[in-house]
Undergrad: 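Pasting a structure here, questions to come.
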Amino acid sequence: QLQLVESGGGLVQSGGSLRLSCAASGSTLDYYAIGWFRQAPGKEREGVSCITRSDSSPYYADSVKGRFTISRDNAKSSVYLQMNSLKPEDTAVYYCAVGKGALCLMRPSQVRYWGQGTQVTVSL
C-alpha cells in the first residue's frame with residue numbers, strides 16, 4: 001500500500017511562487033507515472049501536470065504551461081511541482097497522484113493512489 005504525503009502549499013500573493021512536494025512511502029514509485037491534480041470549490045478535479053519515469057515530455061494543462069514545472073527524484077520517491085507566476089485561479093486543493101501504469105493518463109479513473117491534498121491559495 002503506497003502512501004503519499006504532500007507539502008508546500010500555503011497562501012501566496014498573485015505573481016508569487018510555491019513549490020509542492022510529494023513523498024511516497026510503502027513502495028517505490030519509480031515505474032509509475034506521477035503527477036498532480038487540483039480541485040477548486042464547486043469544480044471537478046482536473047489534471048495539472050504529470051511526469052513519467054523517463055522525464056520525457058511531461059504533461060501540463062494548458063492553463064499552467066510556462067508557469068509550472070514538474071520534476072521527480074526516483075531515489076527519494078518524490079515528485080515536485082514548482083509553481084511560478086501564480087494566479088488567483090490557481091487556488092485549489094492540489095493532490096499528488098500515482099498512476100496505474102507508466103503513462104500519463106490524466107484522468108481520475110487512471111489514478112491508483114491519491115495524496116491527502118494540500119491547499120494552495122493565491123490572493124490578489
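By convention here, the first residue in the shown sequence is residue 1.
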Undergrad: To the closest 0.5 Å, what do you measure between NZ (K76) and SG (C22)?
TA: 14.0 Å
Undergrad: For S123, enumerate each residue passing the side chain to side chain donor-acceptor pair (under 3.5 Å) test, keeping only those at least two apart in sequence or located in another chain.
TA: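 S123: no side chain to side chain donor-acceptor pair (under 3.5 Å) contacts found.
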Undergrad: Hey, could you give me the CD1/CZ distance between I51 and R72, rounded to the nearest 0.5 Å?
TA: 6.5 Å
Undergrad: Output all residues satisfying side chain to side chain donor-acceptor pair (under 3.5 Å) with S71, sequence neighbours left out; order by chain, then residue number.
TA: none
Undergrad: Do V64 and V12 share a hydrophobic cluster, counting only Ile, Leu, Val, Met, Phe, Trp and Tyr and linking them when any side-chain heavy atoms are less than 4.5 Å apart?
TA: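 Linked, V64 and V12 end up in one cluster.
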Undergrad: Side-chain contact test, heavy atoms from C-beta onward, threshold under 4.5 Å: evaluate it for V79 versus I70 and give yes or no.
TA: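 Of all side-chain heavy-atom pairs linking I70 with V79, at least one is under 4.5 Å.
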Undergrad: In the structure I gave you, are the side-chain heavy atoms of E46 and R38 within less than 4.5 Å of one another anywhere?
TA: yes
Undergrad: Go through V93 and T118 one step at a time and tell me if the side chain to side chain contact (heavy atoms under 4.5 Å, CB included) criterion holds.
TA: CA-CA 5 Å; V93 177; T118 185; over 6 Å; no
Undergrad: Report whether W36 and L18 are members of the same hydrophobic cluster (ILVMFWY, side-chain heavy atoms less than 4.5 Å apart, transitive linking).
TA: yes
Undergrad: To the closest 0.5 Å, what do you measure between CG (L81) and OG1 (T69)?
TA: 8.0 Å
Undergrad: Might you point out which heavy atoms bring L2 and A24 nearest each other, and give the distance in Å?
TA: CD1-CB, 3.9 Å
Undergrad: If we only count heavy atoms from C-beta on, is the E6 to L20 side-chain gap below 4.5 Å?
TA: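 Side chain of E6 against side chain of L20, heavy atoms only: no contact under 4.5 Å found.
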Undergrad: For R67, check salt bridge (charged side-chain N to carboxylate O under 4.0 Å, His left out) against everything at least two apart and list the hits.
TA: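 By the salt bridge (charged side-chain N to carboxylate O under 4.0 Å, His left out) rule, R67 matches D90.
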Undergrad: Distance from M83 atom CE to F68 atom CZ, nearest 0.5 Å?
TA: 5.0 Å
Undergrad: Any side chain to side chain donor-acceptor pair (under 3.5 Å) involving residues 104-116? Give me the pairs, sequence neighbours left out, ordered by first then second residue.
TA: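 Every side chain to side chain donor-acceptor pair (under 3.5 Å) pair that includes a residue of residues 104-116, provided the two are not neighbours, is Y32-R112.
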Undergrad: Please find the pair of heavy atoms, one from G47 and one from A61, that lie closest to each other, and give the distance.
TA: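 In terms of heavy atoms, the two residues are closest at O-CB, 3.5 Å.
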Undergrad: Let me see the working for Y31 and V98 under side chain to side chain contact (heavy atoms under 4.5 Å, CB included), right down to the final yes or no.
TA: CA-CA 10 Å; Y31 173 79; V98 175; over 6 Å; no
Undergrad: Does any pair with a residue in residues 40-67 pass ring-ring contact (aromatic ring centres under 6.0 Å, His included), and if so which ones, sequence neighbours excluded?
TA: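 Every candidate ring-ring contact (aromatic ring centres under 6.0 Å, His included) pair involving residues 40-67 fails, so no pair, neighbours aside, qualifies.
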Undergrad: Nearest 0.5 Å please: distance from the CD atom of Q39 over to the OH atom of Y95.
TA: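 It is 5.5 Å, given to the nearest 0.5 Å.
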Undergrad: Would T91 and V120 count as a side chain to side chain contact (heavy atoms under 4.5 Å, CB included) if you check the C-alpha gap in whole Å, the side-chain angles of each, and the deciding distance to 0.1 Å?
TA: CA-CA 5 Å; T91 295; V120 172; 5.9 Å; no
Undergrad: Between A40 and A92, what is the shortest heavy-atom contact and its length?
TA: N-CB, 3.8 Å
Undergrad: Scan residues 80-89 for pairs that pass side chain to side chain donor-acceptor pair (under 3.5 Å), counting only residues two or more places apart or in two chains.
TA: S17-N84, Q82-N84
Undergrad: Run the numbers on C96 and I34 for side chain to side chain contact (heavy atoms under 4.5 Å, CB included), then give the verdict.
TA: CA-CA 7 Å; C96 181; I34 187 167; 4.1 Å; yes
